[in-house]
Chemist: 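Please find one structure pasted underneath; my questions will follow.
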Amino acid sequence: PKELFENTKRGLWSAIKQEETIFKAIFAIQLHSNYQDNQNFVQNTLKNVQNKYSRFKYIEDTYWYTQFDHLATYGPNYFSYLTCEVISKKIWNKLFINDPLSIFAGNKLRNELL
């Protein structure tokens with residue numbers, strides 16, 4: 001049925017996007033924690049990480065990472081986005097999913113977390 005297809009499609013794209021984010025985070029961590037000043041370091045690191053952690057395997061002579069400005073501006077801190085997303089979803093599901101404007105939930109968040 002169309003409804004099942006739509007739900008699966010949304011979940012699939014969400015999973016692919018999450019996988020891409022994790023792959024990019026691992027790439028950034030590897031790049032910044034093991035940097036070597038040689039001509040092939042970035043390309044070799046990308047190839048190894050992409051082939052290990054991405055469903056889309058490395059293709060020779062591609063340089064998509066030159067458009068991934070997080071490598072220069074955030075470095076390995078890019079990984080923190082994933083942690084924040086997990087924590088915020090847990091808070092939402094525990095406190096706000098049934099009543100997003102709950103005063104009780106808002107006070108609990110303020111008093112116990114902030």
Chemist: Between side-chain atoms of residues 86-93 and protein atoms elsewhere (two or more places apart, or another chain), which donor-acceptor pairs fall under 3.5 Å?
Modeler:
unit_1, atom_1, unit_2, atom_2, d
S88, OG, C84, O, 3.1
S88, OG, E85, O, 3.1
K89, NZ, E85, OE2, 3.2
N93, ND2, K89, O, 3.2

Chemist: For the side chain of T62 and the backbone of W64, is there at least one donor-acceptor N/O pair under 3.5 Å apart?
Modeler: no

Chemist: Under the 3.5 angstrom rule, does the side chain of S102 hit a backbone N or O of D99 as a donor-acceptor pair?
Modeler: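 Judged by distance alone, no pair lies under 3.5 Å.
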
Chemist: For Q67, give me all partners under side-chain hydrogen bond (donor to acceptor under 3.5 Å, both in side chains), at least two apart in sequence or on another chain.
Modeler: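 Q67 satisfies side-chain hydrogen bond (donor to acceptor under 3.5 Å, both in side chains) with no residue once adjacent residues are dropped.
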
Chemist: Test of understanding: with side-chain hydrogen bond (donor to acceptor under 3.5 Å, both in side chains), list the residues that count as partners of N111, not counting sequence neighbours.
Modeler: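 With neighbours one apart ignored, the set is empty.
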
Chemist: Say whether, by atom type as modelled, one donor and one acceptor occur between the side chain of N40 and the main chain of Q43 under 3.5 angstrom.
Modeler: no

Chemist: Just checking F104: does its CZ atom have more than 12 heavy atoms from other residues, nucleotides or ligands closer to it than 6.0 angstrom?
Modeler: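 Atom CZ in F104 is not crowded, with 12 or fewer foreign heavy atoms closer than 6.0 Å.
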
Chemist: More than 12 heavy atoms of other residues, nucleotides or ligands under 6.0 Å from NZ of K17: is that the case?
Modeler: no

Chemist: Can you name the residues that form a side-chain contact (heavy atoms from CB on, under 4.5 Å) with E112, not counting sequence neighbours?
Modeler: K108

Chemist: Nearest 0.5 Å please: distance from the CG atom of L31 over to the CG atom of L46.
Modeler: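 L31 CG to L46 CG: 9.0 Å, rounded to 0.5 Å.
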
Chemist: Who are the side-chain contact (heavy atoms from CB on, under 4.5 Å) partners of R55, not counting sequence neighbours?
Modeler: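 side-chain contact (heavy atoms from CB on, under 4.5 Å) list for R55, sorted by chain: I16, E19.
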
Chemist: Looking at Y58, is its backbone amide N or carbonyl O close enough to the side chain of K47 to form a donor-acceptor pair, meaning the two atoms are under 3.5 Å apart?
Modeler: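 No: the side chain of K47 does not pair with the backbone of Y58.
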
Chemist: Return the set of residues passing side-chain contact (heavy atoms from CB on, under 4.5 Å) with V49 (not counting sequence neighbours), or none when no residue passes.
Modeler: F23, I26, F27, Q30, T45, Y53

Chemist: How long is the straight-line distance from CG of L109 back to CG of L95, given to the nearest 0.5 Å?
Modeler: 6.5 Å

